Amino acid sequence: MTLKFYNSLTKKKEVFAPVHEDHVNMYVCGPTVYDHPHIGHAKSYVSFDVIVRYLRYLGYKVRYVQNITDVGHLTDNADTGEDKILKRAQRERLEPAELVEIYTRSYFEDMDALNNVRPDISPRATAHIPEQIELVERLIEKGYAYVSNGSVYFDVNKFKEYGKLSGRKQEELEAGARIEINPEKRNPSDFALWKKAEPAHIMRWKSPWGEGFPGWHLECSAMSMKYLGQTLDIHGGGLENTFPHHECEIAQSEAANDLSFVRYWIHNNMVTVNGQKMGKSLGNFITLKDAFKKYHPLTIRFFILTTHYRSPLDFSDEALDAANKGLERLHNTIQNLRERLGHAKEGSSSGGFYEKLDHYKKTFLEAMDEDINTPGAIAALFDLSKEVNTLLNSSQEISKQCLEDIDNLYQELGGNILAIIPKTFEFEKTDTSNILTSVMQVLIDTRNELRKEKQWQLSDFIRNKLSEIGIALDDKSDGTTWKKTK
RNA sequence: GGCGGCUUCGCCAAGUGGACUAAGGCCACGGUUUGCAAAACCGUUAUCCUGGGUUCGAAUCCCAGAGCCGCCUCCA
C-alpha cells in the first residue's frame with residue numbers, strides 16, 4: 001500500500017516520499033485572527049487534520065506547523081489596503097494584541113471542538129519580525145528585492161519561475177489590469193515584502209528601511225524556514241490562496257535558498273452556502289460558534305469528511321441533517337457493540353469474523369492511500385457496520401475478545417484517523433452509583449411489569465415522556481436499555 | 001479579459017480506460033423483527049450533461065457544444 005497525494009504544483013497524483021524517510025515536515029497556512037472562525041476554516045483544518053493523523057498512523061513522525069497571522073494581511077492584495085487586524089482593532093477599540101488574543105483563543109476553541117489535533121507549533125507573525133527582516137535583507141542582497149520609499153518589494157521579473165504554481169503568466173497579470181498602479185513598484189505585479197508604516201499605523205517595527213511592518217506572504221516563508229527547514233515535505237492551504245499568496249511564498253523562499261521550497265502542495269477546496277459562494281461581502285458567513293448551536297461539532301466534522309477535500313462542499317441544513325443521521329447510524333452500531341461488551345463472556349472467538357475485519361480495514365486504508373479519499377473510507381465503515389449489526393443481532397455467541405477487537409478497529413480507523421467516533425459515548429460516562437441511573441432502573445422495571453400485563457397505554461406513556469426529555473428506551477429480547485439523545 | 005475546475009440514482013457523494021450488471025449515506029416504497037415503537041436486517045431505484053471521435057473495451061481519454069462554479073477584490 002502506498003500513499004499518494006495530488007500535488008497542485010505538478011497537477012498529478014504522486015507517490016508520497018518525504019525528504020527524510022520517517023519524518024514529515026508539514027506547513028499549513030493558518031488563520032488571520034481578526035474574527036471568529038467560520039465553516040470554511042472548519043473544512044480546511046479538518047482536511048489537514050486528517051492528513052496529519054493519517055501520516056502519523058502510517059508511522060511518520062510529523063512536525064505540523066500552522067501559523068497565526070496577526071499582522072500584515074491587508075484588505076486587498078494590491079498592497080494598498082488596510083491591515084485587517086488593525087482595522088478591526090480600531091473598530092472594536094482594542095489593542096491589536098488584545099484583538100489577536102481574543103480571536104486566537106476562539107480559533108483554538110472551535111478547532112478543539114472539531115477534534116482537530118493542535119499543531120506542534122503555532123508561530124505568530126509578530127513574534128518573528130527579526131526572521132522576516134533577515135529574509136528581506138537576504139533577498140535584497142541577492143538582487144531579488146529592491147527598496148522604494150521605505151518599503152521593500154520583490155522584483156517578480158528576477159524570479160523566472162514566478163507563476164509555476166498558479167499557471168499565471170506575467171504578461172497576463174498585467175493585462176488583467178485589476179492591480180492598482182503603485183508608483184513605488186517597478187512592475188505592477190511586484191509584491192510587498194516590507195511596508196513603510198504611515199504615522200497613524202500603530203503596528204510598526206524598526207527595520208533597516210525605517211519603521212514598518214512585514215508583508216503578508218513573508219511570514220510563511222520565514223517561519224516555515226525557521227521551524228521546518230528550507231524544503232518542506234507538505235505545504236497545505238486553501239485553494240483561493242494559490243495566487244498570489246503561495247506563488248509569492250515560492251518566489252521568496254526559492255530566491256533566498258536556491259532550493260526547491262515544497263515537495264507536495266496540497267490545496268483544499270472551498271465551502272459554499274446553499275449553493276452560493278461564502279464571502280464577507282455576501283454576508284452569508286456562518287461562524288462555527290453559530291453552527292455548533294445547531295449541530296454537534298462531530299456532525300460537522302463528519303459532514304466535511306463525506307466529501308473529498310479537493311471538492312467543494314455545499315453547506316445546507318438538509319445536507320447537515322442527512323449527515324447527522326448517517327453519523328448516528330454509525331454511532332448506534334458502536335454503542336450497541338460496547339453495550340454488549342459490558343456483559344460479554346470470555347471464550348473462543350468467532351474466527352470467521354476476523355476475515356471480514358481485515359477486509360474492511362484494507363478497503364478503508366486503500367481509500368485513504370488514494371489522496372485521502374475520506375468518502376471512500378467512510379463507506380468502508382458503513383459496510384463494516386452492516387456486518388457488525390448482523391453479527392450483534394444474530395443469536396450467535398460472541399466472545400468478549402472478538403467484541404473488543406471490533407471496537408479496537410473502530411477506534412483505530414474511525415477514532416484515531418478520522419476522529420469521528422468518540423472514545424466514550426454519553427451513556428458510557430453514566431456513573432452506576434448515579435441517582436439518575438437508579439431512578440431509570442426503577443422506571444424501566446416498572447414499565448416492564450406493565451408490559452408483562454400488556455398495559456401498553458401506560459408503558460408507552462412512560463416511553464413517550466422519557467423521549468420528550470431526551471431519553472430513548474430500547475426494548476431488546478434480553479432486557480431494556482436507555483440512553484440520552486440530547 | 002486571463003487561469004482553473006465541475007456536470008454520476010429524488011438529494012448528497014465515491015469511482016478517472018476492463019472485476020461498473022457504478023461504492024456509501026439521506027429520502028421513499030415493500031418485507032423481516034417488535035405488543036407497538038426505536039434500532040437493525042433484506043429488497044426495490046442510475047449506463048454516468050449533449051453530440052462526435054479514439055479503443056477489442058470509456059462514466060473514465062480526445063474534440064465540439066450546453067449549463068454551473070472558483071481564482072485573478074474581501075475570504076480557509
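Fair warning: this is a prediction, and the values are worked out from it, not measured in the lab. Numbers restart at 1 for each chain; the letters A, B, ... are given by sequence-line order, proteins then strands.
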Table of protein N/O atoms under 3.5 Å from nucleotides 11-14 of chain B N/O atoms:
| from | atom 1 | to | atom 2 | distance (Å) |
| --- | --- | --- | --- | --- |
| A14(B) | OP1 | His308(A) | N | 2.8 |
| A14(B) | OP1 | Ser311(A) | OG | 3.4 |
| A14(B) | O3' | Asn373(A) | ND2 | 3.1 |
| A14(B) | O2' | Asn373(A) | ND2 | 3.3 |

Are any protein N/O atoms closer than 3.5 Å to N/O atoms in nucleotides 17-19 of chain B? If there are, list each pair with its distance.
none

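For residues 111-121 of chain A, the set of pairs meeting the side chain to side chain donor-acceptor pair (under 3.5 Å) definition, not counting sequence neighbours, comprises Arg56(A)-Asp120(A), Asp112(A)-Arg118(A), Asn116(A)-Arg301(A). Here salt bridge (charged side-chain N to carboxylate O under 4.0 Å, His left out) pairs that include residues 374-393 of chain A, with residues two or more places apart or in two chains, are Lys356(A)-Glu387(A). Identified under the salt bridge (charged side-chain N to carboxylate O under 4.0 Å, His left out) test for residues 306-321 of chain A, with sequence neighbours left out: Lys294(A)-Asp317(A), Arg310(A)-Asp371(A).
Contacts of Glu184(A) classified as salt bridge (charged side-chain N to carboxylate O under 4.0 Å, His left out), with partners at least two apart in sequence or in another chain: none. Judged as a ring pair (Phe, Tyr, Trp, His ring centres under 6.0 Å), and not counting sequence neighbours, Phe364(A) has no contacts. With sequence neighbours excluded, no residue satisfies salt bridge (charged side-chain N to carboxylate O under 4.0 Å, His left out) with Arg329(A). Applying the ring pair (Phe, Tyr, Trp, His ring centres under 6.0 Å) criterion to Phe16(A), with sequence neighbours excluded, gives Phe5(A), Tyr60(A), Tyr264(A). Residues satisfying the salt bridge (charged side-chain N to carboxylate O under 4.0 Å, His left out) test with Asp445(A), not counting sequence neighbours, are none. The salt bridge (charged side-chain N to carboxylate O under 4.0 Å, His left out) test applied to Glu449(A) returns Lys452(A), not counting sequence neighbours.
For the segment residues 232-242 of chain A, the set of residues with a heavy atom within less than 4.0 Å of an atom of RNA chain B comprises Gly238(A), Glu240(A), Asn241(A), in numerical order.
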